[in-house]
2 protein chains.
Amino acid sequence: MKPENRKQEIINAAAVLFKEKGYSAVTMRDLASAMGIKAASLYNHIQSKQEILSNIIISLAEEFSTGINSINNSETNAIQKLEKIIELHIDVTLRNADGLASLNNDWMHLEENNLLYYEKMRREYEDIFRAIVKKGIRAGDIKTYDVEIIVFSTLSTLRTLYLWYPKQKKINPELLKHDMISVLLKGLV
Amino acid sequence: MKPENRKQEIINAAAVLFKEKGYSAVTMRDLASAMGIKAASLYNHIQSKQEILSNIIISLAEEFSTGINSINNSETNAIQKLEKIIELHIDVTLRNADGLASLNNDWMHLEENNLLYYEKMRREYEDIFRAIVKKGIRAGDIKTYDVEIIVFSTLSTLRTLYLWYPKQKKINPELLKHDMISVLLKGLV
DNA sequence: TTTTAAAACTAACAAATGTTAGTTTTGTTT
DNA sequence: AAACAAAACTAACATTTGTTAGTTTTAAAA
């Protein structure tokens with residue numbers, strides 16, 4: 001587990017830099033400098049720059065995948081599921097806001113296999129989200145707005161939390177969950 | 001979207017590429033290839049890669065600046081102003097969705113002067129937005145949710161329109177405006 | 001036809017990039 | 001103290017990068 005620790009340190013430092021400038025603009029020398037070592041030394045711990053990116057993105061995408069599947073399989077109505085999804089996004093954002101920047105902005109720089117895997121997970125995530133909203137509308141729990149508009153407006157806010165929440169000092173997680181549920185859902189019911 | 005002069009064609013092509021891969025990952029050879037010419041030929045029309053980026057971003061930021069100032073100076077209540085802001089974002093998105101990708105994701109690659117200018121405009125934009133929401137709450141037109149959460153959730157959706165709307169076929173601008181106003185504002189009143 | 005300006009080209013540059021190879025330092029275990 | 005593995009180092013590499021210089025092509029005006 002020793003090399004794994006150092007490796008994770010590198011990945012965390014990379015996530016911070018990727019958030020600031022994006023994957024392509026961050027050089028291995030930038031990353032090494034942030035770690036206080038030389039670029040070549042990074043390769044004692046990681047195989048490539050690409051490995052760092054895929055490590056950041058795939059693990060987060062899998063968190064969302066398992067999260068939404070678990071929520072979707074629960075015996076609750078659409079509104080309760082949407083509330084759980086909001087909490088899921090807030091929890092992941094609290095745990096790894098830096099990495100979410102790469103997930104949102106640098107997924108297209110994944111190489112072929114991981115790119116396909118990521119795109120599959122995102123597609124399935126959105127399909128589940130869409131299905132929940134549709135069921136909610138059919139059950140009369142959600143107003144009959146255009147489904148795509150509901151999915152987009154909700155998801156766009158949740159996906160952008162990573163940019164905004166770390167800068168907020170006076171909003172604690174529980175207050176955020178409560179208010180976000182109000183703001184995003186009260187208009188839909 | 002008539003091809004004005006050659007420079008504007010290059011900027012438009014660049015905006016498309018920047019949207020796909022981000023500013024840093026697009027090379028001048030990529031751009032030239034998309035234009036069907038050699039990289040060196042680009043420099044008959046533009047001064048630098050940086051000039052292309054600043055041209056895209058600054059013109060859009062100025063559109064939003066003048067737009068929100070004009071809205072804010074009108075004699076209407078907070079809700080009507082927010083409706084106008086939603087329409088502003090939809091109009092700009094329809095006119096230049098590609099450029100908005102750079103505005104959102106590549107502003108940090110602007111060089112010093114333009115970076116400061118952009119950041120000033122964005123700060124002022126958000127300040128006006130925030131002031132409108134605060135007035136609306138004080139006037140009793142908007143529920144007493146946390147101001148920052150309202151500003152963030154609304155703005156995050158509007159700023160992400162460029163990613164989503166070009167892919168929608170069956171939603172025309174007027175329907176979009178109507179539904180977006182409903183989804184974003186009905187929960188707030 | 002000649003002239004001219006715009007816009008393309010070829011060739012090259014210095015700097016920056018991700019990465020490899022081989023070596024030395026560091027710190028722990030025997 | 002000796003041995004060993006982890007993790008740092010120096011030095012270099014082949015490409016790729018944005019950009020410049022100088023030249024040729026294109027097409028319209030004279």
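Residue numbers start from 1 in every chain, and the chains themselves are labelled A, B, ... in the order their sequence lines are given, proteins ahead of strands.
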- Supply the atom-to-atom distance E63(A) CD to H89(A) NE2, rounded to the nearest 0.5 angstrom. 11.0 Å
- Using only heavy-atom distances, decide whether a donor-acceptor pair under 3.5 angstrom links the side-chain of N44(B) to the base of dA8(C). yes
Listed nucleotide nearest any side-chain atom of [X], set [options]:
X      : options                   : answer
S48(B) : dA11(D), dT19(D), dT10(C) : dT19(D)
I37(B) : dA8(C), dG18(C), dT20(C)  : dA8(C)
A40(B) : dT19(D), dT10(C), dA8(D)  : dT10(C)
H45(B) : dT19(D), dA7(C), dA8(D)   : dA7(C)

Whole-Å distance separating the [atom1] atom of [X] from the [atom2] atom of [N]:
X      : N       : atom1 : atom2 : result
N5(B)  : dA5(C)  : CG    : C1'   : 16 Å
Q47(A) : dT19(C) : CD    : C1'   : 12 Å
Y43(A) : dC9(D)  : OH    : C1'   : 16 Å
K49(B) : dT19(D) : NZ    : C1'   : 12 Å
L17(A) : dT17(C) : CG    : P     : 13 Å
K21(B) : dT16(D) : NZ    : P     : 12 Å
M28(B) : dA16(C) : CE    : P     : 18 Å
L42(A) : dG18(C) : CG    : C1'   : 11 Å

- Query: Taking it one step at a time, do Y23(A) and Q50(A) satisfy side-chain contact (heavy atoms from CB on, under 4.5 Å)?
  - Reply: CA-CA 9 Å; Y23(A) 174 75; Q50(A) 173 69 210; 3.6 Å; yes
Quick check on [N]: is either OP1 or OP2 less than 4.0 Å from any side-chain nitrogen or oxygen of [X]?
X      : N       : value
K38(B) : dA8(C)  : no
R29(B) : dT19(D) : no
S41(B) : dC9(C)  : yes

- Task: Might you point out which heavy atoms bring A14(B) and I52(B) nearest each other, and give the distance in Å?
- Result: CB-CG2, 3.5 Å
- Give a yes or no on whether a salt bridge exists between E148(A) and R130(A), defined as a side-chain N under 4.0 angstrom from a carboxylate O. yes
- Message: Under a 3.5 Å distance rule, please check whether K49(A) uses its side chain to pair with a backbone N or O of V26(A) as donor and acceptor.
- Response: yes
